[in-house]
Amino acid sequence: MSPNFRFSKALAVLAGATLALTACGGGGASTSANSAGGGTVTYWSMWKVGEPQQKVMANAIADFEKQTGTKVDVQWQGRTNTKKIIPALNTNNVPDIIDGSESNLDIALGSTGQALPMTDAYNTMIDGKKLSELIPAKFLAVNNIKGKDGQPWMVPYSLTSDAVWFNAEKNPDLVTNPPASWTDFISLLDKQKAAGQAPIAADADIAGYNAYWFVSALVHSEGPGAFAKITADKTGAGWDSPAVMAAAKTVQQLVDNGYMIKGYNASKWPAQQQAWATGGADLLFNGSWIPTETGTYAAPGFKYASFPYPSVAGKPAMARADFTGFAVPKKAKNAAGAQQLAAFLMGKKYQDAEGTDAKVLPVRADAAIAPELTSVKKAIDNAKEIYMGNDGVTTAGYMEKNFNPTDDLLFTGKIDAGEFVSQMKEKTIAYWKAQG
Amino acid sequence: MSASTLKRTRRNPAPALKPEQGRGGSSIERQRRKLLVPFVGPAFLFYTVLFIVPAIAAVWISLNEWAGSGPMTFVGFKNYIQVFQDPLFVKSFGNTLLLLFVVGAAIFILAFAMTLVLRDMAAKKIARNVIFFPHLINALVFGILAGFIFNPGGMVNSLLKPLGVTEPPAWLAQDNIFPLIMATMVLTTTGYFTTIIMAGVDRIPPYFYEDCALAGATALQRLRYVILPLTWDVFGTCAVLWTISSVKIFEIIWVFGGSSGAGLPPTQTWSVAVYTYVTAFSGMSTPAYGAATASAIISLALVTVLVVLLRRAMRRDAIEF
């Protein structure tokens with residue numbers, strides 16, 4: 001075989017590959033060209049075809065098209081939509097409207113000043129009231145959806161929250177008499193353990209779930225923003241506070257006292273939440289999506305109920321609430337149509353559908369709700385103060401590279417509360433030093 | 001080379017034989033030069049647009065602080081310093097090297113061992129397909145399978161129970177996942193390289209083996225004196241292929257930990273590729289594109305250096321046969 005022959009063969013392969021690549025490029029370009037045009041709103045949805053929320057959204061969009069004559073070009077992209085939009089913002093192929101969780105939208109649009117103020121949407125009259133009056137003010141107090149100009153850049157349509165879930169069929173007492181404090185909670189766990197039952201199920205491979213325990217403990221004792229404050233303290237001194245140590249000790253207590261289901265530290269999600277849904281453990285501290293997520297495999301007759309994370313005496317009632325909603329990029333071609341769509345979807349009819357068909361927590365306080373979520377809704381309605389997941393910390397890399405790995409060690413019993421606090425102090429100082 | 005060129009010119013008389021006066025080089029050289037632009041041009045253009053320009057852009061981004069959109073701030077080498085000072089990056093870098101060298105060594109030792117066995121085996125075609133098969137399976141399947149096999153209520157523990165093991169090891173504990181990933185990499189990749197090396201071995205004329213048999217050489221001697229020297233270039237290519245692909249290992253780590261891709265894998269298992277991805281696209285915090293590209297450029301540099309060293313170390317005169 002001569003090198004000559006080899007070279008031309010390589011060239012042929014390369015040419016073929018290049019052709020294949022250009023073919024792909026051509027295809028992509030032609031589809032994006034279709035989306036531009038008068039009276040059309042391009043919507044990158046966080047829902048995928050077939051999901052209950054997608055069905056609710058699709059019905060609402062059909063109504064919107066009928067009533068306004070505006071065409072909505074929907075792409076059901078799924079949760080990666082907020083990742084895809086970041087590079088897209090540097091091009092001209094930008095959707096008119098996009099939805100996602102507040103933190104994801106904040107990362108993609110809000111914090112970088114790429115989101116348009118939703119003033120028009122908030123001034124739209126919905127069911128005889130301005131939209132701004134339909135969203136409870138306490139949500140807006142913490143969920144920071146205001147841009148530098150003081151105008152909100154997001155219209156939230158649903159909430160996610162968390163709760164300690166249980167089967168009301170098996171534990172009817174907990175419905176009427178949930179634990180009122182951490183001490184009550186611990187004695188409940190002791191009782192369950194004595195009865196030969198695993199008290200708590202957890203999939204410790206999901207760091208985000210593990211973090212609920214420490215963050216909730218700290219926020220409930222020190223108030224919303226307490227965790228965010230210690231993570232932002234460049235000297236790391238925030239971690240020295242006795243309240244932080246006490247919060248870490250509550251997590252250590254769960255591990256030391258053996259309340260966790262066997263193998264929680266060595267499983268792949270959703271193994272342990274499955275075990276919980278089939279009666280392998282009594283309690284599961286997780287999100288408001290648990291009834292829909294575990295519904296397909298729960299034991300027959302499983303009746304979803306929940307109680308909030310135990311409150312601390314002398315502190316106001318608190319609940320976690322994270323927004324899911326719409327934002328419009330500044331580069332949107334049909335921003336007016338997009339704002340109109342966002343406001344339209346806040347009609348009672350569609351909010352009810354979110355509550356009863358999609359079984360999520362609608363933002364409007366007057367919306368209907370699925371029976372599984374009434375306990376969570378009650379906790380949110382009663383809450384005097386609202387806090388966000390991870391207490392709203394989205395500083396680049398802090399949670400995923402520093403807090404979560406260390407908190408995982410605490411939650412799986414590899415380190416104790418003291419070691420956790422000193423490691424976190426060290427990591428916080430190093431983190432801020434590296435940020436410069 | 002000259003012989004084959006001559007042969008070709010004789011076979012292809014029309015334009016090539018017409019000698020042109022006054023200009024340098026043979027007609028074939030000129031012909032080749034003429035073809036260079038139409039043949040290489042398009043490929044070169046696309047290669048430049050799709051690879052070289054983005055690579056240069058990445059170098060530029062790595063010198064800036066940038067959230068992916070919005071304003072960019074030039075910070076010089078700060079991202080590189082930050083990345084090197086991050087113990088997590090150092091750990092990820094170490095994991096990448098473990099994959100490259102430890103898994104690589106295991107793969108090639110096994111591949112050569114199998115080559116020895118497979119050559120003389122009956123039904124070797126079927127055996128080859130069976131060995132190659134794991135390479136065709138999506139890494140996601142292994143991620144899910146690991147859960148099925150090693151979960152606390154999974155297959156292994158169910159099998160151990162009747163044997164009286166009531167406290168089985170925590171198979172999927174965070175510290176155990178990386179060794180599991182390494183084992184899976186060996187399982188899936190060995191077949192691939194065995195197939196390539198086997199193709200090289202099949203080219204070796206049978207009379208060399210007959211010679212070996214007559215001389216009473218053992219299997220290992222055969223490997224050392226016949227197979228290795230005659231497949232050296234194939235092996236060199238495989239080593240380069242492995243180096244490049246191992247530095248990019250990502251999806252298997254992503255699906256093994258962190259609930260098959262729903263969350264982030266535990267940091268104990270991160271490779272440089274995972275570190276890069278999380279830094280830019282974790283979805284949990286403001287993207288740090290500058291630090292992410294800095295980490296990507298570092299791994300690009302690693303690949304380049306290793307490939308150059310490898311080519312140098314593997315350089316031998318090709319044996320014609």
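Just so it is clear: chains get the letters A, B, ... in the order the sequence lines come, proteins before strands, and each one is counted from 1. Values below: every heavy atom of this structure, side chains too, minus hydrogens, waters and symmetry copies.
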Report yes or no: does [X] contribute a side-chain atom to a donor-acceptor pair with the main-chain N or O of [Y] at less than 3.5 Å?
X	Y	answer
A:Ser103	B:Ser285	no
A:Asn90	B:Gly68	yes
A:Lys401	B:Val278	no

May I ask you to name which of [options] has the most heavy-atom pairs under 4.5 Å with chain B?
options	value
A:Lys83, A:Lys330, A:Lys262, A:Glu400	A:Glu400
A:Thr394, A:Thr395, A:Thr112	A:Thr394
A:Asn390, A:Asp408, A:Val393	A:Asp408

Which atom of [X] lies closest to which atom of [Y], heavy atoms considered:
X	Y	result
B:Gln174	A:Ala204	NE2-O, 4.3 Å
B:Asn151	A:Ala266	OD1-O, 4.3 Å
B:Lys78	A:Gln435	NZ-O, 2.8 Å

Flag side-chain contact, heavy atom, 4.5 Å: [X] against [Y]:
X	Y	result
B:Phe281	A:Ile86	no
A:Lys433	B:Gln82	no
B:Gln268	A:Pro405	no

Report the distance from atom [atom1] of [X] to atom [atom2] of [Y], rounding to the nearest 0.5 Å.
X	Y	atom1	atom2	value
A:Tyr431	B:Gln85	OH	CD	14.5 Å
B:Leu264	A:Asn404	CG	CG	7.5 Å
B:Trp171	A:Lys268	CH2	NZ	16.0 Å
B:Leu88	A:Lys427	CG	NZ	8.0 Å
A:Asn265	B:Leu172	CG	CG	10.0 Å
B:Phe256	A:Asp205	CZ	CG	12.5 Å

Residue list, side chain to side chain contact (heavy atoms under 4.5 Å, CB included) with A:Lys414, at least two apart or on another chain
A:Leu409, A:Thr412, B:Asp175
Side chain, backbone, both or neither: which part of [X] has an atom under 4.5 Å from a heavy atom of chain A?
X	value
B:Phe148	neither
B:Thr267	side chain
B:Asn176	neither

Which region of [X], side chain (C-beta onward) or backbone (N, CA, C, O), has a non-hydrogen atom less than 4.5 Å from a non-hydrogen atom of chain B, or is it both or neither?
X	answer
A:Ala108	backbone
A:Ser267	both
A:Gln114	side chain

Tell me whether the count of non-hydrogen atoms from other residues, nucleotides or ligands lying under 6.0 Å of OH in A:Tyr297 goes above 12.
yes
If you count the non-hydrogen atoms of other residues, nucleotides and ligands that lie under 6.0 Å from CG in B:Asp202, is the total more than 12?
yes
What residues form a salt bridge (Lys or Arg N to Asp or Glu O under 4.0 Å) with A:Glu51, not counting sequence neighbours?
A:Arg79
